[in-house]
Protein chains: 2
Amino acid sequence: MSLRYALLVTLLDGDASGYELAKRFDIRVAAYWHAQPPQMYAELGKLEDDGLVHAETVVQDRRPNKRMFSITEAGQAALHEWLVSPPRPLATKDDLLVRVAAVDEMDPLVAIDHLRRRRDHALSKLSTYREIEQLVLRGRTEVDYLHTARHIGSYLTLVKGIGYELERADWCNWAIHAIRQRHGWTADPTTEPQMTAAATDVVT
Amino acid sequence: MSLRYALLVTLLDGDASGYELAKRFDIRVAAYWHAQPPQMYAELGKLEDDGLVHAETVVQDRRPNKRMFSITEAGQAALHEWLVSPPRPLATKDDLLVRVAAVDEMDPLVAIDHLRRRRDHALSKLSTYREIEQLVLRGRTEVDYLHTARHIGSYLTLVKGIGYELERADWCNWAIHAIRQRHGWTADPTTEPQMTAAATDVVT
DNA sequence: CACCCCATGTAAAGCGTTACATGATTGC
DNA sequence: GCAATCATGTAACGCTTTACATGGGGTG
């Protein structure tokens, strides 16, 4: 039920086609929501049926035609109503953590390999988010930005993404280190816990 | 598809009924997986059909009868095979963050209220996890524990839960503060960002 | 020539939640 | 008396993923 509102919120950043919305989801929205294209197209169809978005077909020359979606007044009203409703408690599902819970049944090297990959993935997302942050701030300090920017919503979620991936990367490094210790292995500089930047960074 | 493995892993901690498994999920497993009882009972039925768990009906006197499940050898084999398979990239879905992304459309007081509740929820989970941590460590240092404990899997995931909730609480406080700044509001000691403990705490 | 980008969808299958049903026992 | 705990499930519904279908244009 929340996908529809995630789509409406994403449309606040500007009209878009289904394809463009899918791309926004991959980048800015990824930190808090995700959906496959077929689900988005289906939901956009329902939103149109319900009058919450308006669709305009744009005929293109060297590209397939597309349908540009925009949020309607009814859509804004529905969104406002939903915004004040209580968010449901978040329930995480992490495939890797299930495996880590059974680490005592595994070859430690396999466990470490899983953790390294996850850490590297987190670090790459982290650097993407940090690049976006620089683009958004354009040299302003945070305090300055919070006062002068037109919108702050996407910045708040961006910072959440940074904190989230940072915590993830740090935990992976810690877990790798813990597994090594358990097995009495000497430290390996390539996987040694390296504090990327403490969480204080997130709060500052 | 991962619920079955989450159940198998949870059974490694000892045989249990569906009801007991549901309780374990609420406490120790909550940091990385969740499922409603009907889904668990259904999945346990399938696991039994596939021979991965064995069910023994226990007739009780003053309580309804129950079915105690235990992991079979085939179950262990299936689990081991799955443990080495690559974990799928984690995809978060956070209802609250969708709302925060639209914070510019909201009454700031409503946004702050949402964030406070989420923070308090995170803090309460945090203190539960910390209590469990104390029980598990029983006065030992972490290094000592990692060498002497029978299993470390559930400890590793517990620490993840602590880091996760800590990061969440900190971000909520930061976001509340950011919204106040945006509106030029003076600090209110009841919601002022309070560093519960930096992420270095998680790594130490 | 192969591959990725653009662009939208259908159909089927799988995963997950909610409502409902049942009923004794224990603690406040 | 009321609520919570113990204990297991069915049925209906909704959400989400995956496989498939289509086809031109740009890049190495």
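Each chain gets a letter, A, B and so on, in the order the sequences are listed, and its residues count up from 1.
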Between P of dT17(C) and CG of Leu90(A), the distance in whole Å: 12 Å
Phosphate-side-chain proximity, Arg4(B) and dC15(C), N/O vs OP1/OP2 below 4.0 Å: no
Spacing of CG belonging to Leu96(A) relative to CG belonging to Leu90(B), to within rounding of 0.5 Å: 8.5 Å
Distance test, side-chain N/O of Gln60(B) to OP1/OP2 of dC6(D), below 4.0 Å: no
Separation of atom CD1 in Ile27(B) from atom P in dT5(D), rounded to whole Å: 11 Å
Rounded distance (Å) that lies between atom P of dG23(D) and atom CG of Asn65(A): 15 Å
Arg67(A) side chain vs Glu56(A) backbone, donor-acceptor pair below 3.5 Å: no
Separation of atom CE in Met1(B) from atom C1' in dA13(C), rounded to whole Å: 13 Å
Pro38(B) side-chain proximity, nearest of dT18(C), dT8(C), dT17(C): dT18(C)
Arg88(B) CZ: over 12 foreign heavy atoms closer than 6.0 Å: no
Closest-nucleotide ordering on DNA chain D, the 5'-leading residue of Pro64(A) and Glu43(A): Glu43(A)
Atom-pair distance (CZ on Arg88(A); P on dT17(C)), nearest Å: 9 Å
Among Val9(A), Leu3(A), Leu11(A), side chain to side chain contact (heavy atoms under 4.5 Å, CB included) partner for Leu7(A): Leu3(A)
Any His34(B) side-chain nitrogen or oxygen under 4.0 Å from OP1 or OP2 of dG16(C): no
Nearest-angstrom distance from the residue atom CG of Leu44(A) to C1' of dC15(D): 16 Å
Phosphate-side-chain proximity, Lys93(B) and dT16(D), N/O vs OP1/OP2 below 4.0 Å: yes
First of Lys66(A) and Arg63(B) reached from the 5' end of DNA chain C, by closest nucleotide: Lys66(A)
Presence of Tyr41(B) side-chain N/O under 4.0 Å of dG9(D) phosphate oxygens OP1/OP2: no
Phosphate OP1/OP2 of dC15(C): any Gln39(B) side-chain N/O under 4.0 Å: no
Whole-Å distance separating the CE atom of Met40(A) from the C1' atom of dT16(D): 12 Å
Distance, nearest 0.5 Å, that separates CG of Leu44(A) from CG of Leu21(A): 6.0 Å
Under 4.0 angstrom between Gln36(B) side-chain N/O and dG16(C) OP1 or OP2: no
Close side-chain approach of Val159(A) and Tyr129(A), heavy atoms under 4.5 Å: no
Residue closer to the 5' end of DNA chain D, Lys46(A) versus Ala42(B) (nearest nucleotide): Ala42(B)
Given dA7(C), dG16(C), dC6(D), the nucleotide with the shortest approach to the side chain of Trp33(B): dG16(C)
Whole-Å distance separating the CG atom of Asp61(B) from the P atom of dT5(D): 22 Å
OP1 or OP2 of dC6(D) under 4.0 Å from side-chain N/O of Lys23(B): yes
